[in-house]
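First comes the structure, then the notes that go with it.
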Amino acid sequence: MSARTVGAVAETAPGERRVALSPDGAARLLAADHQVIIAAGAGDAAWFTDSDYTDAGARLLSRREVYEQADIIVCVNPPAAADVSLLRPGQVLIGLLAPLLDLDLARSLAQAKVTAISLDGLPRTLSAAQSMDVLSSQANVAGYKAALVAADTYGGYLPMFMTAAGTTRPAQVLVIGAGVAGLQAISTARRLGAVVTGYDVREAARADVASTGANFLDLGTPVSATGDGGYARALTADERDAQQGALAAAIATFDIVITTAQVPGRPAPVLVSAAALAGMRPGSVVVDLAASGFGGNVEGALPETTTITDNGVTVIGAGNLPSRVPKAASTAYARNIVAILAHLVRDGALVLDHDDPINAGVLITHDGEIVHSAVRALIEAPTSEGPDA
Ligand code: NAD
């Protein structure tokens with residue numbers, strides 16, 4: 001299968017400002033012997049002009065022409081139905097397609113005989129996959145921005161200031177969930193001068209938090225929940241109740257709380273209950289990075305929505321923070337795309353080796369079939385239509 005022409009168009013998801021290919025990514029693909037085509041205006045929202053792309057050597061076309069001429073279309077979000085209808089048999093689609101959350105999309109891409117590659121299935125702990133890890137690159141941006149959003153909303157200083165007008169105490173920041181996003185939120189809040197504490201249910205996270213110089217929150221409860229592949233496992237109901245109760249008492253002492261906790265294949269765990277919010281001081285700020293249509297870490301938080309509780313706590317359901325740092329997020333994303341293409345395309349042809357763990361993780365549909373084992377299992381399960389609730 002020829003796979004020399006790589007194309008990108010503007011994202012259409014509401015509020016999305018990232019683009020799958022940056023001018024830097026285009027130049028790297030051209031250096032690797034690909035041709036690059038880009039829809040006019042595709043990078044506008046990320047502050048990449050059309051001439052940035054043409055200067056890099058890409059060809060500028062209309063959106064429809066990109067779909068017609070590209071062997072490989074790269075995207076950030078899953079394509080809308082109108083875009084799926086523009087894909088042709090044999091064309092390759094690479095992006096964050098979330099097939100486990102949208103089985104209909106997987107079905108329609110198989111029906112369209114598209115070779116769909118979803119980067120959220122990447123086996124992230126393989127060292128060969130690290131340069132392709134879009135979940136980490138975007139989580140890193142999200143953690144950074146979460147600290148900035150919190151600082152911007154908080155009515156006080158983050159650092160301690162000693163001025164002629166007096167001395168201010170530094171803000172106390174708690175970051176719950178010390179994975180990629182959480183560790184970056186911790187580091188960024190520390191750079192801003194806050195006194196930062198991290199918390200996680202995985203035992204290994206203690207050392208990760210300590211390596212940033214932050215404190216670790218010891219809840220005094222015996223909850224330790226390391227799951228498969230370095231991720232957390234879901235807590236039992238008893239563990240969850242114990243954790244929520246202990247967290248509620250601790251949370252009341254913080255000015256800013258940033259939550260980033262996720263459990264693979266499950267809705268995000270609720271860690272900050274309504275009771276915990278009610279115990280916080282007026283003016284406190286809570287940023288929930290896990291807020292999505294499937295719930296979040298903060299009770300009642302909604303994506304892209306900011307609310308103020310009756311006791312004056314601002315709750316920010318963050319949703320898509322990487323989109324709010326679109327230039328850096330797109331540049332990192334495009335580097336990940338360049339790396340996966342270097343892995344999958346040899347001598348201008350897409351090489352699909354089913355024994356390769358990277359292939360097995362990311363390849364969703366090929367030749368009219370759904371080939372990804374987890375997506376197939378979900379489709380073939382008699383009653384299930386989505387992730388485990
Ligand atoms: P994630 O997005 O799945 O979850 C974020 C964090 O939430 C995790 O640290 C998790 O332990 C925590 N969490 C889940 N339930 C919780 C609860 N009830 N209470 C408190 N915290 C809870 O995680 P991630 O950022 O994708 O990273 C998960 C792990 O994988 C980390 O150890 C990370 O360092 C590792 N990782 C390794 C590589 C690699 O080896 N290249 C790449 C990516 C991630």
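For the single chain, residues carry numbers from 1 onward in sequence order. Atoms within each ligand, like the ligands themselves, are counted from 1 in listed order.
Atoms of ligand 1 lying under 4.0 Å from any heavy atom of D133, numbered from 1 in the order shown and given with element: 42 (C), 43 (C). Every atom of ligand 1 is numbered from 1 in the order shown, and the set under 4.0 Å from a heavy atom of A178 is 9 (O). The ligand atoms of ligand 1 that sit less than 4.0 angstrom from a heavy atom of S136 are 42 (C), 43 (C). Distances below 4.0 Å separate heavy atoms of Q130 from the following atoms of ligand 1: 39 (C), 40 (O), 41 (N). Below 4.0 Å from some heavy atom of A232 lie the following atoms of ligand 1, by number and element: 10 (C), 11 (O), 13 (N), 14 (C), 15 (N).
Taking both residues in full, the closest heavy atoms of A80 and T12 are given as CB-OG1, 4.2 Å, listed atom of the first, atom of the second, then distance.
Between Y231 and R124, the side chains place a donor N or O and an acceptor N or O closer than 3.5 Å (distance only, hydrogens not considered). There is a side-chain donor-acceptor pair under 3.5 Å between T309 and N311. Counted by atom type alone, S211 and D208 present zero donor-acceptor pairs between their side chains at under 3.5 Å. If you check the side chains of H34 and D71, you find no donor sitting under 3.5 Å from an acceptor.
At the top of the distance list for atom 5 (C) of ligand 1, counting protein heavy atoms only, stands T260 O, 3.3 Å. Nearest to atom 44 (C) of ligand 1 among the protein's heavy atoms is R124 NH2, 3.7 Å. Of the protein's non-hydrogen atoms, D200 OD2, 3.3 Å is the one closest to atom 12 (C) of ligand 1. With respect to atom 14 (C) of ligand 1, the closest heavy atom belonging to the protein is Q262 O, 3.1 Å. For atom 28 (C) of ligand 1, the closest heavy atom belonging to the protein is Y231 CD2, 3.7 Å. Of the protein's heavy atoms, V201 N, 3.6 Å lies nearest to atom 21 (N) of ligand 1. At the shortest separation from atom 37 (C) of ligand 1 among protein heavy atoms lies T125 CG2, 4.3 Å. Scanning all protein heavy atoms for the shortest distance to atom 29 (C) of ligand 1 gives G230 O, 3.2 Å.
Of the heavy atoms in L271, only side-chain atoms (C-beta onward) come closer than 4.0 Å to ligand 1. Under 4.0 angstrom from ligand 1, there are no non-hydrogen atoms of D208. The side chain of V263, and not its backbone, has at least one atom closer than 4.0 Å to an atom of ligand 1 (non-hydrogen atoms only; side chain from C-beta on).
Within the structure, the closest approach of A205 to ligand 1 does not fall below 4.0 Å when heavy atoms are considered.
Within the 4.0 angstrom cut-off, atom 35 (C) of ligand 1 has no protein heavy-atom neighbours.
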Check the pair L96, N77 against side chain to side chain contact (heavy atoms under 4.5 Å, CB included), reporting the backbone distance first and the verdict last.
CA-CA 5 Å; L96 276 170; N77 298 293; 6.0 Å; no
The test is salt bridge (Lys or Arg N to Asp or Glu O under 4.0 Å); show your working for R4 and D33 and say whether it passes.
CA-CA 7 Å; R4 288 201 186 276; D33 214 18; 3.7 Å; yes
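Remark: ligand 1 and Q243 share an N or O pair separated by less than 3.5 Å (distance only, no angle test). The shortest N or O to N or O distance between Y199 and ligand 1 is not below 3.5 Å. The distance criterion of under 3.5 Å between nitrogen or oxygen atoms is met by R202 with respect to ligand 1. By the 3.5 Å distance cut-off applied to N or O atoms, I176 is not counted among the residues near ligand 1. Looking at ligand 1, you'll find an N or O of V180 within less than 3.5 Å of one of its N or O atoms.
Annotation: the span from S62 atom OG to E68 atom CD amounts to 7.0 Å, rounded to 0.5 Å. Residue Q111 holds its CD atom at 13.0 Å from CG of L87, rounded to the nearest 0.5 Å. Rounding to the nearest 0.5 Å places CD of E304 at 7.5 Å from CG of L321. Atoms CG and NE2, on N359 and H366 in that order, are 10.0 Å from each other to the nearest 0.5 Å. The line from CD1 of I117 to CD1 of I340 is 6.5 Å long, rounded to the nearest 0.5 Å.
Environment of OH in Y67: crowded, with over 12 heavy atoms of neighbouring residues, nucleotides or ligands closer than 6.0 Å. Other residues, nucleotides and ligands contribute more than 12 heavy atoms inside 6.0 Å of the CZ atom of R169.
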